[in-house]
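Right, one structure below, let's go through it.
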Amino acid sequence: MTTVTDKTLNKTSTEQDALTHIWYHNSRKRVYDVPAEKRWELQWEQVAIVKETSRSYVLSNGVKVPKNTTKRDPMEFALTDTEHQEAVWNHDNHLRVTSGLQAMARNNPQLTRELAAILAKYQ
């Protein structure tokens with residue numbers, strides 16, 4: 001791998017590791033003339049990173065993005081195209097999945113126990 005110095009970010013990294021943009025969900029962006037289920041996805045924008053601090057990336061629109069993944073909301077910021085697609089998929093499908101689970105578990109105590117065990121692992 002070739003080592004590259006990125007002057008806009010003041011860091012040296014490999015070509016594969018260089019972050020040049022971040023996906024940002026701009027909830028203030030108004031999207032019209034599209035079906036309602038596509039509006040959330042169209043509010044995402046690719047925004048250039050103009051500066052980097054020890055704790056965050058600063059975007060060209062002035063927004064600071066925490067580097068710490070526990071402090072970064074995955075439904076607002078995505079560092080890669082894959083993270084962006086995951087956020088869109090999650091937004092489009094989470095209500096359908098949770099309401100389906102609720103309907104299935106309503107009269108099934110065994111399934112409710114299994115789901116409770118799964119929830120306990122992720123809390």
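Start at 1 with the first residue, then count along the sequence.
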Worksheet item: Rounded to the nearest 0.5 Å, what separation is found between the CG atom of Asn26 and the CD atom of Glu45?
Response: 4.5 Å
Worksheet, complete the sentence: For Ala87 and Pro74 the tightest heavy-atom approach is CB-O, 3.5 Å
Discussion item. Do Asn68 and Arg55 make a side-chain contact, defined as non-hydrogen atoms from C-beta onward lying under 4.5 Å apart?
Written reply: no
Discussion item. In the structure I gave you, are the side-chain heavy atoms of Thr20 and Ile49 within less than 4.5 Å of one another anywhere?
Written reply: no
Response to the item:
Rounding to 0.5 Å, atoms NZ (Lys67) and CZ (Arg72) come to a distance of 10.5 Å
Fill in: Nearest non-hydrogen partners of Arg96 and Asn93, listed with the distance
NH2-OD1, 2.9 Å
Fill in: Evaluation steps, side-chain contact (heavy atoms from CB on, under 4.5 Å), between His84 and Val88
CA-CA 6 Å; His84 168 246; Val88 170; 3.9 Å; yes
Donor-acceptor contacts under 3.5 Å from residues 103-112 side chains, at least two apart:
| from | atom 1 | to | atom 2 | distance (Å) |
| --- | --- | --- | --- | --- |
| Asn108 | OD1 | Gln110 | N | 3.3 |
| Asn108 | OD1 | Leu111 | N | 3.1 |
| Gln110 | NE2 | Glu114 | OE2 | 3.1 |
| Thr112 | OG1 | Ala105 | O | 3.0 |
| Thr112 | OG1 | Asn108 | O | 3.0 |

Worksheet entry | Joint hydrophobic cluster, Trp44 plus Ile22, side-chain heavy atoms closer than 4.5 Å | no
Worksheet item: Run the side-chain contact (heavy atoms from CB on, under 4.5 Å) check on Leu59 and Val50 step by step: do they pass?
Response: CA-CA 6 Å; Leu59 304 180; Val50 294; over 6 Å; no
Fill in: Rounded distance [0.5 Å steps], NZ in Lys51 versus OG in Ser60
14.0 Å
Item to complete: Applying side-chain contact (heavy atoms from CB on, under 4.5 Å), run through Val63 and Val47 and close with a yes or a no.
Response: CA-CA 10 Å; Val63 174; Val47 183; over 6 Å; no
Worksheet item: Going from CD on Glu86 to OG1 on Thr80, what distance comes out if it is rounded to the nearest 0.5 angstrom?
Response: 9.0 Å
Practice prompt. Test Phe77 against every option in Trp23, Tyr24, Tyr57 by the ring pair (Phe, Tyr, Trp, His ring centres under 6.0 Å) rule and name the one that passes.
Written response: Tyr24
Item to complete: For Trp40, check side-chain hydrogen bond (donor to acceptor under 3.5 Å, both in side chains) against everything at least two apart and list the hits.
Response: His25
Discussion item. Give me each pair satisfying salt bridge (Lys or Arg N to Asp or Glu O under 4.0 Å) with a member in residues 21-44, each pair once, sequence neighbours excluded.
Written reply: Lys38-Glu41
Worksheet, complete the sentence: Value for CD (Gln123) from CD1 (Ile118), rounded to nearest 0.5 Å, stands at 12.0 Å
